[in-house]
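Everything on this sheet refers to the single structure shown next.
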Amino acid sequence: MSKTKVSDLRFDNIGSWPQGAKTVFYVVVVALIVTLAYVVYVRGELEHLRTLENEETKLRGDFEEKQGRAANLEPLRLQLAEMEQVLHQMLRQLPSKTEMPDLIVDISQTALSSGLANELFQPGPEVAREFYAEKPIALRLVGSYHQFGAFVSGVASLPRVVILTMNDISLKPRAGGTGQGPLELSGTVRTYRYLDDEETAAAANSKAAGGQ
């Protein structure tokens with residue numbers, strides 16, 4: 001049998017090709033189809049698959065993070081409830097609305113009983129905060145270091161917890177005095193009381209109305 005040259009093969013007469021040529025031709029056609037399918041479809045699907053895998057990794061990380069937060073949520077809620085309870089108990093140790101006038105008198109009397117000269121003791125208008133109220137008091141007291149120490153100790157021993165914060169306070173020798181002379185404490189202090197339930201609700205409503 002004579003060998004058939006490639007140049008003798010005609011595509012319009014594939015059926016008459018030798019079996020070997022047909023086999024090679026079929027293999028080439030199948031390879032082209034597979035390559036074309038890969039380029040057109042498979043490669044795109046592989047890229048899409050990699051995108052989905054990356055997205056899955058990201059979502060899995062987000063899920064694990066949120067799962068961790070959810071696991072800690074209940075302990076945090078319990079801790080917050082405990083902190084709110086402690087805060088409420090601490091606030092209840094502050095004077096109430098009805099006790100505030102007597103408390104201011106007690107502070108003034110404590111200054112006098114400590115030997116301080118009470119030249120100015122003027123309570124200002126009360127300022128309501130979210131869950132407490134503050135009362136500014138403008139004062140000017142004159143006395144010695146020991147007398148001021150006795151005053152602070154006396155305020156600390158009052159029946160109700162008294163918190164005094166100093167605002168623009170100055171302590172200096174009395175004008176015209178010497179280093180051994182009396183001292184003058186002047187400025188504004190603030191004392192605090194807790195708000196009852198009705199006052200707390202009113203303060204919250206006022207804040208909400210102001211935010212609109």
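The model shown is predicted, which means the values in this text are computed figures rather than measured ones.
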Residue pairs fulfilling side-chain hydrogen bond (donor to acceptor under 3.5 Å, both in side chains) with at least one residue in residues 101-112, sequence neighbours excluded: S108-N118
L120 CG to E184 CD distance, which is reported to the nearest 0.5 Å: 10.0 Å
CD of E74: more than 12 outside heavy atoms within 6.0 angstrom? yes
Under the rule for salt bridge (Lys or Arg N to Asp or Glu O under 4.0 Å), what residues qualify as partners of E134, not counting sequence neighbours? R129, R190
E64 side chain vs G61 backbone, donor-acceptor pair below 3.5 Å: no
For E65, which residues count as a side-chain hydrogen bond (donor to acceptor under 3.5 Å, both in side chains) partner, sequence neighbours excluded? R69
Once rounded to the nearest 0.5 Å, what's the spacing between atom OG of S186 and atom CG of L141? 9.0 Å
Looking only at heavy atoms, the pair that brings L103 and P95 closest together is CD2-CG, 3.3 Å
Taking ring pair (Phe, Tyr, Trp, His ring centres under 6.0 Å) as the test, write out the residues that go with F151, two or more places apart. none
Please give me the minimum heavy-atom distance between P136 and P125, naming the atom from each residue. CD-O, 3.3 Å
Do F148 and V142 have side-chain heavy atoms sitting under 4.5 Å apart? no
The criterion is side chain to side chain contact (heavy atoms under 4.5 Å, CB included); which residues satisfy it with Q79, sequence neighbours excluded? L76, M83
Side chain to side chain contact (heavy atoms under 4.5 Å, CB included) between F121 and V105, worked out: CA-CA 10 Å; F121 194 91; V105 172; over 6 Å; no
Just jot down the salt bridge (Lys or Arg N to Asp or Glu O under 4.0 Å) partners of E119, sequence neighbours excluded, or say none. R140, R174
Do L183 and Q147 come within less than 4.5 Å of each other through their side chains, counting heavy atoms only? no
Among the clusters formed by ILVMFWY side chains lying less than 4.5 Å apart, do L112 and V189 turn up in the same one? no
Working to the nearest 0.5 Å, report the span between OG1 of T188 and CG of L139. 7.0 Å
Restricting to side-chain hydrogen bond (donor to acceptor under 3.5 Å, both in side chains), what partner residues turn up for N54, sequence neighbours left out? none
Side chain to side chain contact (heavy atoms under 4.5 Å, CB included) between I169 and L185, worked out: CA-CA 7 Å; I169 286 291; L185 177 73; 3.2 Å; yes
My understanding is that only residues two or more places apart in sequence, or in another chain, count here; which of them pass side chain to side chain contact (heavy atoms under 4.5 Å, CB included) with K66? none
Sequence neighbours excluded, which residues qualify as side chain to side chain contact (heavy atoms under 4.5 Å, CB included) partners of T98? S96
For E56, check salt bridge (Lys or Arg N to Asp or Glu O under 4.0 Å) against everything at least two apart and list the hits. R60
Check L195 against A133 and note the closest heavy-atom contact, atom names and distance. CD2-CB, 3.7 Å
Taking atom OG of S114 and atom NE2 of H146, what is their separation to the nearest 0.5 Å? 13.0 Å
Contacts of K172 meeting salt bridge (Lys or Arg N to Asp or Glu O under 4.0 Å) (sequence neighbours excluded), chain-then-number -> none
Close side-chain approach of R193 to E99, heavy-atom, < 4.5 Å: no
Is it true that Y132 and Y192 have ring centroids separated by less than 6.0 Å? yes
Would you say L171 and I137 are hydrophobically clustered, going by side-chain heavy atoms of ILVMFWY under 4.5 Å? yes
Distance col, row E82:CD vs Q85:CD, nearest 0.5 angstrom, shows 7.5 Å
Write out all pairs satisfying salt bridge (Lys or Arg N to Asp or Glu O under 4.0 Å) with one or both partners inside residues 23-35, taking only residues at least two apart or from two chains. none
Can you confirm whether K135 sits close enough to I104 that some side-chain heavy atom of one is under 4.5 Å from a side-chain heavy atom of the other? yes
Would you say L94 and T191 make side-chain contact, with heavy atoms under 4.5 Å? no
